[in-house]
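Let me begin by presenting the structure, written as structure tokens, before commenting on it.
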Amino acid sequence: MTVRVGVIGAGMIGRDHVRRLTDVVTGAEVIAVTDLDAARAGEVAATAGARVVPTAADLIGQSDVDAVLVASWGPTHAEHVLAAVAAGKPVFCEKPLATDAEDCLRIVEAEIAAGRRLVQVGFMRRYDSGYRELKKILDAGEIGAPLMVHCAHRNASVPEAYHSGMAAQDTAVHEIDVLRWLLDDEIVGVQVLTPRRTRHAHAALRDPQIMLFETASGIRIDLEVFVNCRYGYDIQCEAVGEKGLARLPEPARAAVRTAGVTRTGVPQDWRERFVTAFDVEFQEWVDAVAVGEPTGPSAWDGYAATVITDATVEALESGRIVSVGMKDRPAFYPGGAR
């Protein structure tokens, strides 16, 4: 079958996903687009031969919309996801699932009441080939029980609107989700250290930050978030186990030797680094919708990420070690430590 998708949000992310669903993914057709900016919605809809719908509620209610993609402003996500669940329609929601943990729980409860999984959250790292290889190594026990994980998330620069809390909410959230998935373990505590501030950060931004996480089984994770590193977009992950280590591979790049120097290029933004992961993510979502068997990051994963990022911001602001106050995982969402 062809999955007919309605898209809520025609900004940068929405526009790129419409392109992806139209030009890259098989088995999908974008048939409707809505955005608060009607002109922008029209421009994006035209690229897919789709129609413009005035509101998100109208779009979700369209009888020929089989599935919904939410790519609007973060604070609107909960409203749109809840409406899609109420309509019984599969919904892909870009992160965050909701900006408030209580709204995430409302979505979890609504999905459980519906009796089947409908929600997938846009954590694309799980679809990256390097992370998937790491997952296989860890699951197979090749390095023994994991003891420590060392991570870095570096951006060349961020705009003036980027504030200190966004280091957790917009940046580290990707590591938080992928580490829960890689380790099949839950994060239960967090501390944030702030080294000497880079002169490239604006006055109100604490950058870099070192986030220290502890899991339920006692694994220790350190994550460097440095969003003004200046040299590129650099993602690192190394798991250390009882009998070895496994490291995320670098993106494939040609090595150039000239003038006595060997150099290898560094990706400059997240789209360049994870473009293939986005493509795989959406192909697998469309395939899952077609057969009614969702497999991606769930509403529970969206809730967990929000609770952990909230605790991380609290740890940054208080200077204390903060316990993660997460509810017990419902049986509806199997797997994980809690």
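Note that the numbering runs from 1 along the sequence shown for the chain. Just so it is clear, the model here is predicted, and its values are computed rather than measured.
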Euclidean distance, [Y] [atom2] relative to [X] [atom1], rounded to 0.5 Å:
| X | Y | atom1 | atom2 | result |
| --- | --- | --- | --- | --- |
| D234 | Y231 | CG | OH | 3.5 Å |
| R117 | S298 | CZ | OG | 5.0 Å |
| I308 | M211 | CD1 | CE | 12.5 Å |
| L134 | D139 | CG | CG | 10.5 Å |
| T34 | I60 | OG1 | CD1 | 9.5 Å |

Report yes if some heavy atom in the side chain of [X] is under 4.5 Å from a heavy atom in the side chain of [Y]; otherwise report no.
| X | Y | value |
| --- | --- | --- |
| S318 | V322 | yes |
| P297 | K95 | no |
| L179 | I221 | yes |
| V240 | V149 | no |
| Y303 | K327 | yes |
| L183 | I219 | yes |

Can you list everything that forms a side chain to side chain contact (heavy atoms under 4.5 Å, CB included) with A156? Sequence neighbours excluded, please.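 Scan of A156 (side chain to side chain contact (heavy atoms under 4.5 Å, CB included), adjacent residues dropped) gives none.
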Considering residues at least two apart in sequence or located in another chain, which fulfil the side chain to side chain contact (heavy atoms under 4.5 Å, CB included) criterion with A290?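 In terms of side chain to side chain contact (heavy atoms under 4.5 Å, CB included), with neighbours along the sequence ignored, A290 is linked to M1, V3.
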Side-chain ion pair, R19 and D16, N-O less than 4.0 Å: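 Salt bridge flag = yes for D16 with R19.
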Please determine whether a side-chain nitrogen of the Lys or Arg among R180 and D185 lies less than 4.0 Å from a carboxylate oxygen of the Asp or Glu.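 No, this pair does not count.
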Sequence neighbours excluded, which residues qualify as ring-ring contact (aromatic ring centres under 6.0 Å, His included) partners of W270?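 If we apply the ring-ring contact (aromatic ring centres under 6.0 Å, His included) test to W270, skipping adjacent residues, the hits are F278.
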On a heavy-atom basis, which atom in [X] and which in [Y] lie closest, and how many Å separate them?
| X | Y | result |
| --- | --- | --- |
| C151 | C237 | SG-SG, 3.9 Å |
| P251 | P267 | CG-CG, 4.0 Å |
| A311 | S323 | CB-O, 4.4 Å |
| G130 | L248 | C-CD1, 3.5 Å |
| I176 | A305 | CG2-CA, 4.4 Å |

What residues form a side-chain hydrogen bond (donor to acceptor under 3.5 Å, both in side chains) with R273, not counting sequence neighbours?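 side-chain hydrogen bond (donor to acceptor under 3.5 Å, both in side chains) list for R273, sorted by chain: D128.
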Can you name the side-chain hydrogen bond (donor to acceptor under 3.5 Å, both in side chains) partners of E272, sequence neighbours left out?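 Per chain and number, E272 pairs via side-chain hydrogen bond (donor to acceptor under 3.5 Å, both in side chains) with R253.
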Does the ring center of H153 lie less than 6.0 Å from the ring center of F226?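 No, they do not, as the ring centres are separated by 6.0 Å or more.
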Which residues satisfy the salt bridge (Lys or Arg N to Asp or Glu O under 4.0 Å) test with [X], sequence neighbours excluded?
| X | value |
| --- | --- |
| E175 | R125 |
| D35 | R40 |
| E43 | R15 |

Between the side chains of T276 and D279, does any donor sit under 3.5 Å from an acceptor?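 No - no donor-acceptor pair under 3.5 Å links their side chains.
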Which pairs with one or both residues in residues 192-217 pass salt bridge (charged side-chain N to carboxylate O under 4.0 Å, His left out), sequence neighbours excluded?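 Every pair satisfying salt bridge (charged side-chain N to carboxylate O under 4.0 Å, His left out) with a residue in residues 192-217: E214-R220.
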Pairs touching residues 241-251 that satisfy salt bridge (charged side-chain N to carboxylate O under 4.0 Å, His left out), sequence neighbours left out: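 Output for this query lists E238-R247.
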Give me each pair satisfying side-chain hydrogen bond (donor to acceptor under 3.5 Å, both in side chains) with a member in residues 284-293, each pair once, sequence neighbours excluded.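 For residues 284-293, and leaving out neighbouring residues, the side-chain hydrogen bond (donor to acceptor under 3.5 Å, both in side chains) pairs sorted by first residue read R132-E284, Q283-D287.
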Qualifying side-chain hydrogen bond (donor to acceptor under 3.5 Å, both in side chains) pairs with a residue from residues 52-75, counting only residues at least two apart or across chains: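 Every pair satisfying side-chain hydrogen bond (donor to acceptor under 3.5 Å, both in side chains) with a residue in residues 52-75: R4-D66, R51-Q62, R51-D64, T55-D58, S72-T76.
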Decide whether L182 and M124 are clustered together by the hydrophobic rule: side chain heavy atoms of Ile, Leu, Val, Met, Phe, Trp, Tyr closer than 4.5 Å, transitively.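 Yes: a chain of side-chain contacts under 4.5 Å links L182 to M124.
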Given salt bridge (charged side-chain N to carboxylate O under 4.0 Å, His left out), test R126 with D301 step by step and report yes or no. CA-CA 12 Å; R126 299 189 188 198; D301 294 314; 3.4 Å; yes
Can you say whether the rings of F92 and F282 are parallel (under 30°), tilted (30 to 60°) or perpendicular (over 60°)?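 Tilted.
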